[in-house]
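To start, the structure under review is shown below, and the notes come after it.
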Amino acid sequence: MTTPEALGFSSDRLRKLDRFLAAKYIETGKIPCAQVQIVRKGQLVHQTVLGHADLERKTPAAEDTLYRIYSMTKPITSLAFMMLVEEGLVALDDPVSRFIPEWKNLGVYAAGTGPYLMTPPARPMQMVDLLRHTSGLTYGFQSRTNVDAAYRKLKIADTHGPLDMDGVIAELAKLPLEFSPGEAWNYSISTDILGVLVQRISGQSFESFLKDRIFTPLGMTETGFSVREDQKARFAACYNATPAGGLTLQDDPTTSPYLTAPNFHSGGGGLVSTAHDYMRFCRMLTGGGQLDGVRLVAPRTLKLMASNHLPGGQDLTKLSRSLFSEATNAGVGFGLGFAVTFDPVSAMLPSSPGEYYWGGAASTAFWIDPAEDMAVVFMTQVLPSSTYPIRRELRTLVYSALVDPTT
């Protein structure tokens, strides 16, 4: 680790970031812990670890604390799929039914609560729709329509629910889409379906594909779909935020379902990881698809992924039907696995055009700023992620400490 000044940062201003997190969130009991890593030009600029990984047992958070990263799984799954695209095994405009024939006759919701009145889609669902969340699929927790109510009832894509990957596909074949693919943007289980596709196209289990093709090559030794025996003592507790600003235990690390292998290996939200491991993934991204001599994808593939793919180049305010996502809206589009900020002024974020990012349900987050050759990873364990503006605040504080920007 070099000095922050050598990488364009102010040490004094980084200390302000730490004091802010401690005073506003840790000391007030709003969040149990906070871990921040900032890397620029491939070097660690700053790391802070605050609070407790387990409040009940008074276990301090540590550099190697293991977290539920939920939807920060999505970029990893999306990259896995794009590795298969690079190999010529699948194309972005392929119909999803090429590999999921059970979905050849999916319809669009018109009325009913089951049985449903459905109409034919304007066009078939394509692979690109899954990557950018324009597939017409949804999430049960959206609690917006009769379709997502059916997802909740059937426990569709619940990581530790009763259905395996083929079971999820079979149940979804009976349900309508929310809208014709490409017509709108809706945060959904689309990335979970990409995990199914990785498994079917590669002929290898999704879990082993990630391990063999991404985790092992990058040295991500702590990342997986369950907590190993040697990781249990480092596994954080997860909390629900209360209306009064406190915390209640949501998932006890000693009895958590993550201690056993899941039925459904969720490409949309099933992984646990550490800040160090996830930063290895981010450093590969800032490296144009390679890290320490290991290349996962080509630079042009990554550039394609980190570009806005919403129809007409629109932002999420124009296309989103989602009641919840991990993205802001104005000035933000969506690429192939990431939200993409193309207009920082409209987004009111101190960032660079072309920054891409995502977050997880337990308030974790990361972002990549290619213009500044910078990656930031933030870890904590508080549901839901919309409780506090900590991610936006963190962006402001990080960029306020970057006193020698490239652009």
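By convention here, the first residue in the shown sequence is residue 1.
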In plain terms, say whether R228 and E222 are close enough for a salt bridge, that is, a side-chain N and a carboxylate O under 4.0 Å apart. yes
State whether R40 and E5 are salt-bridged, where the test is any N-O pair (Lys NZ or Arg NE/NH1/NH2 against Asp/Glu carboxylate O) under 4.0 Å. no
Between the main-chain N or O of I69 and the side-chain N or O of T73, is there a donor-acceptor pair closer than 3.5 Å? no
Check the orientation of F206 and F225. Use parallel for under 30°, tilted for 30 to 60°, and perpendicular for over 60°. tilted
Close aromatic pair by centroid cut-off 6.0 Å: W358 and Y187: yes
In terms of side-chain geometry, is the basic nitrogen of R123 or E183 positioned less than 4.0 Å from the acidic oxygen of its partner? no
Would you kindly say whether Y109 and N146 are connected by a side-chain donor-acceptor distance under 3.5 Å? yes
Would you say NZ of K153 has more than 12 non-hydrogen atoms from neighbouring residues, nucleotides or ligands within 6.0 angstrom? no
For R280, is there an ion pair with D277 - N to carboxylate O distance below 4.0 angstrom? no
So CZ of F9 and CD1 of I38: to nearest 0.5 Å the spacing works out to 5.0 Å
Does a side-chain N-to-carboxylate-O contact under 4.0 Å join R213 and E207? no
Within 6.0 angstrom of K104 NZ, more than 12 heavy atoms from elsewhere: no
Do H160 and Y258 pass the ring-ring contact (aromatic ring centres under 6.0 Å, His included) test, and can you show the C-alpha distance, the side-chain angles, and the key distance before you say yes or no? CA-CA 8 Å; H160 297 94; Y258 283 92; 4.7 Å; yes
So does H276 have more than 12 non-hydrogen atoms from other groups sitting under 6.0 Å from NE2? no
Between K16 and D12, does at least one N-O distance fall below 4.0 Å, as a salt bridge requires? no
Pair K24 + E393, salt bridge at N-O below 4.0 Å: yes
Would you please indicate yes or no on a ring centroid separation below 6.0 angstrom for W185 and F334? yes
Under-4.0 Å salt bridge between R395 and D369: no
For a quick test of reading the model, state the closest non-hydrogen atom pair linking P350 to Y399 and the distance between them. O-CD1, 2.5 Å
Any luck finding a side-chain donor-acceptor pair between E372 and T406 under 3.5 Å? yes
Any side-chain donor near an acceptor of the partner, Q35 and T48, under 3.5 Å: no
When the ring centroid of F366 is compared with that of Y278, is the distance short of 6.0 Å? yes
Interatomic distance, T134 atom OG1 to N186 atom CG [nearest 0.5 angstrom]: 10.5 Å
First locate atom CG of L14, then atom CG of L397, and finally report the distance between them rounded to the nearest 0.5 Å. 9.5 Å
Cut-off 3.5 Å, side chains only: do T317 and N329 have a donor facing an acceptor? no
Looking only at atom types and distance, does a side-chain atom of R234 sit under 3.5 Å from a main-chain N or O of D64, one as donor and one as acceptor? yes
Ring-ring centroid check F338 Y357, cutoff 6.0 Å: no
Working to the nearest 0.5 Å, report the span between CG of L296 and CG of L302. 10.0 Å
